[in-house]
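Structure, as structure tokens:
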Amino acid sequence: MMASDQLEPAKLGNLIRKCRQQRKLTLKELCDKAGVSVGYLSQVERGNATPSLGTLAQIARALDLGLDYFVARPKPGDAVSYAAQRRKFSISDSGVTYEALSTDFPGHELSAFIMNCPPGFESETFQHEGEEFIYVLSGSIEKSLDGETFTLREGDSLHYNGMTPHSWKTLGDTPARMLWTGTLVVLQGDQNSRLPGHRG
């Protein structure tokens, strides 16, 4: 029986299924990676069976997640992002820096960052599942959506389907600062390269 501070079987099963589908794994593919039977995992996903901690760890590993992703319940205070304590980081040598706004909890769908982009930055063209929303806090960018370009300045925003081919670049001699939020999975396991502005 799962402890009271852990997910109920039905919620746990839904969460495992959601993570599997996000990674485009069939039931059999996940079972092969996790070393469990298809019939058993099917029962778990439907909430009709509760895995042992060891089995749940195998499933989590096969999904490139830590066990705590499924068993830890965040505290209300974990949802707060204070400006002075915000985690800042960069990936590669592009010059783009990120400030993490969102928190990671089981079943979350949104990720949010403040992106600080240097003058002259130009992204590659991306296409992926999910949706994105950007709001320009300062500076200006040129956003391309399926070949059509839009100039966005402070206060402008854009909300689009990630399957639309998209790219962007900073304009002028000043950095651009943007709020980015979307359903793109980021910063889980070894997927850091899937941050907005970087090829995954």
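Small disclaimer: the values here were computed from a predicted structure and weren't measured.
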Margin query: Tell me the closest heavy-atom pair linking N14 and R17, and the distance in Å.
Written below: OD1-NH1, 2.9 Å
Next item on the list: Hey, could you give me the OG1/CG distance between T181 and L179, rounded to the nearest 0.5 Å?
Entry: 6.5 Å
Notebook entry, point to check: When clusters are formed by joining ILVMFWY residues with side-chain heavy atoms under 4.5 Å apart, either directly or through shared neighbours, do M178 and L101 land in the same one?
Noted result: no
Notebook entry, point to check: In the single-linkage hydrophobic clustering (I, L, V, M, F, W, Y; side-chain heavy atoms under 4.5 Å), do Y135 and L152 co-cluster?
Noted result: no
Notebook entry, point to check: Shared ILVMFWY cluster between L158 and F113, side chains joined below 4.5 angstrom?
Noted result: yes
Checklist line | Y40 side chain near T55 side chain, heavy-atom distance below 4.5 Å | finding: yes
Check: Are any of the side-chain nitrogens in E99 or R177 under 4.0 Å away from the carboxylate oxygens of its partner?
Finding: yes
Item checked: Shortest non-hydrogen contact from I114 toward R86 -> CD1-NH1, 4.1 Å
Notebook entry, point to check: Side-chain contact, heavy-atom cut-off 4.5 Å: P119 with P175?
Noted result: yes
Item checked: Min side-chain heavy-atom separation H166-Q127 under 4.5 Å -> no
Notebook entry, point to check: If we only count heavy atoms from C-beta on, is the K28 to V38 side-chain gap below 4.5 Å?
Noted result: yes
Notebook entry, point to check: Do any N or O atoms from the side chain of T183 and from the backbone of E131 form a donor-acceptor pair under 3.5 angstrom?
Noted result: yes
Next item on the list: Find out if a path of hydrophobic residues (ILVMFWY) with successive side-chain heavy-atom gaps under 4.5 Å connects L15 to L63.
Entry: yes
Item checked: Flag side-chain contact, heavy atom, 4.5 Å: S157 against F133 -> yes
Next item on the list: Indicate yes or no: at least one non-hydrogen side-chain atom of W168 is less than 4.5 angstrom from one of E122.
Entry: no
Checklist line | Common cluster, I16/L27, ILVMFWY with side-chain heavy-atom separation under 4.5 Å | finding: yes
Item checked: Min side-chain heavy-atom separation T50-V44 under 4.5 Å -> no
Note to self: Does R23 form a side chain to side chain contact (heavy atoms under 4.5 Å, CB included) with L65? I'd like the steps, not just the answer.
What the structure shows: CA-CA 11 Å; R23 286 155 179 75; L65 295 168; 3.5 Å; yes
Checklist line | Steps toward side chain to side chain donor-acceptor pair (under 3.5 Å) verdict (H159, E132) | finding: CA-CA 6 Å; H159 184 195; E132 296 188 33; over 6 Å; no
Checklist line | Test applied, side-chain contact (heavy atoms from CB on, under 4.5 Å); reference residue, M115; option that passes from L137, I134, V96 | finding: V96
Item checked: Reported CG-to-CD distance for the pair L30 and E45, which is rounded to 0.5 angstrom -> 7.0 Å
Item checked: Distance, nearest 0.5 Å, that separates CG of L41 from CD of Q58 -> 11.0 Å
Check: So, does T170 use its side chain to make a donor-acceptor pair with the main chain of P118 at under 3.5 Å?
Finding: yes
Next item on the list: Hey, could you give me the CG/CZ distance between D156 and F150, rounded to the nearest 0.5 Å?
Entry: 12.0 Å
Next item on the list: Rounded to the nearest 0.5 Å, what's the gap from OG on S140 to NZ on K169? Could you check?
Entry: 11.0 Å
Check: I141 and T151: side chain to side chain contact (heavy atoms under 4.5 Å, CB included), yes or no, with the steps?
Finding: CA-CA 6 Å; I141 66 165; T151 298; over 6 Å; no
Next item on the list: Can you measure from OG (S102) to CH2 (W180) and round to the nearest 0.5 angstrom?
Entry: 8.0 Å
Notebook entry, point to check: Are side-chain heavy atoms of E29 and K33 found at a separation under 4.5 Å?
Noted result: no
